Amino acid sequence: MVTRFDPFRDVDRLLTNALRQVPSSPGMPLDLYREGESFVAKVDLPGVDPSSIDIDVEERTLTIRAERRKEQGEDVQWLSHERPTGTFARQLSLGSGLALDRIEAGYADGVLTLTIPVAEEAKPRKIQVSHTATPTTIEQPAQG
């Protein structure tokens, strides 16, 4: 019997098991991409009161919290209640090389947009090579 070596089989199995154990965040789906010299995170928060959104950065962890309140009324009889309510939180681990003091946040049409700029010292730059002429020595003919 021939056994084929598949280096990705075990990795795939481990990732599949790990992903099953990671709690999902159904209340805060996120898109993250790089655009030019900034990273952009877009978080869906429909039905959230903008005043309930709280964003903190501590060390290199960015935490987003928001609340969607349950609609209540005296004569409400729920027929279907699928939209999650309560307080939601999401954390992002930020790498080095980001300008944490210049993060901007905006909320429009139920979408929270965070713009995280790359720090100046982390941006690639060209190093100029200076060229100096090597001094030449002029030898004097020997007199004699």
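Remember, it's a predicted structure, so these values are computed and weren't measured experimentally.
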Does [X] use its side chain to pair, donor to acceptor, with the backbone of [Y] at less than 3.5 Å?
X: R68; Y: P84; answer: yes
X: R34; Y: G36; answer: yes
X: R60; Y: S93; answer: no
X: S52; Y: D49; answer: yes

Connected hydrophobic set around V40, excluding itself, where side chains approach under 4.5 Å: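 Direct or chained contacts put V40 with Y33.
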May I ask you to list the residues sharing a hydrophobic cluster with V76, side-chain cutoff 4.5 Å, ordered by chain and number?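 When side chains under 4.5 Å apart are linked, the cluster holding V76 also contains W78.
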Applying side-chain contact (heavy atoms from CB on, under 4.5 Å), name anything that partners T87, two or more places apart in sequence or on another chain.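 T87 satisfies side-chain contact (heavy atoms from CB on, under 4.5 Å) with E67 only.
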side-chain contact (heavy atoms from CB on, under 4.5 Å) against D56, all qualifying residues, sequence neighbours excluded: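 Testing D56 for side-chain contact (heavy atoms from CB on, under 4.5 Å), a comparison that skips the adjacent residues, returns D54, R65.
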Extract all donor-acceptor atom pairs below 3.5 Å that involve side chains of residues 105-116 and protein atoms in other chains or at least two apart in sequence.
{"from": "Y107", "atom 1": "OH", "to": "L45", "atom 2": "O", "distance (Å)": "2.8"}
{"from": "Y107", "atom 1": "OH", "to": "V48", "atom 2": "O", "distance (Å)": "3.1"}

How close do L98 and L94 get, heavy atom to heavy atom, and via which atoms?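 So the two residues come closest at CD1-CB, 3.9 Å.
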How close do S38 and P117 get, heavy atom to heavy atom, and via which atoms?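 Looks like OG-CA, 3.6 Å.
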CA sep, side-chain torsions, deciding dist, call: T63, V57, side chain to side chain contact (heavy atoms under 4.5 Å, CB included): CA-CA 6 Å; T63 303; V57 177; over 6 Å; no
Side chain to side chain contact (heavy atoms under 4.5 Å, CB included) between L62 and I55, intermediate numbers included: CA-CA 7 Å; L62 182 134; I55 304 167; 4.3 Å; yes
Can you name the residues that form a side-chain hydrogen bond (donor to acceptor under 3.5 Å, both in side chains) with S130, not counting sequence neighbours?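 Partners of S130 by the side-chain hydrogen bond (donor to acceptor under 3.5 Å, both in side chains) criterion come out as none, since no residue qualifies.
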Results of side-chain hydrogen bond (donor to acceptor under 3.5 Å, both in side chains) for D31 - residues two or more places apart only: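 D31 satisfies side-chain hydrogen bond (donor to acceptor under 3.5 Å, both in side chains) with no other residue.
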CD1-CD1 distance between I64 and I53, expressed to the nearest 0.5 angstrom: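 Rounded to the nearest 0.5 Å, the CD1-CD1 separation comes out at 9.0 Å.
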CG on L92 to CG on L32, rounded to 0.5 Å: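 The distance works out to 7.0 Å.
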Which residues pass the salt bridge (charged side-chain N to carboxylate O under 4.0 Å, His left out) test with E104, sequence neighbours left out?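 Applying salt bridge (charged side-chain N to carboxylate O under 4.0 Å, His left out) to E104 gives none.
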Restricting to pairs with a member in residues 43-68, which pass ring-ring contact (aromatic ring centres under 6.0 Å, His included), not counting sequence neighbours?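 Pairs touching residues 43-68 that pass the test: none.
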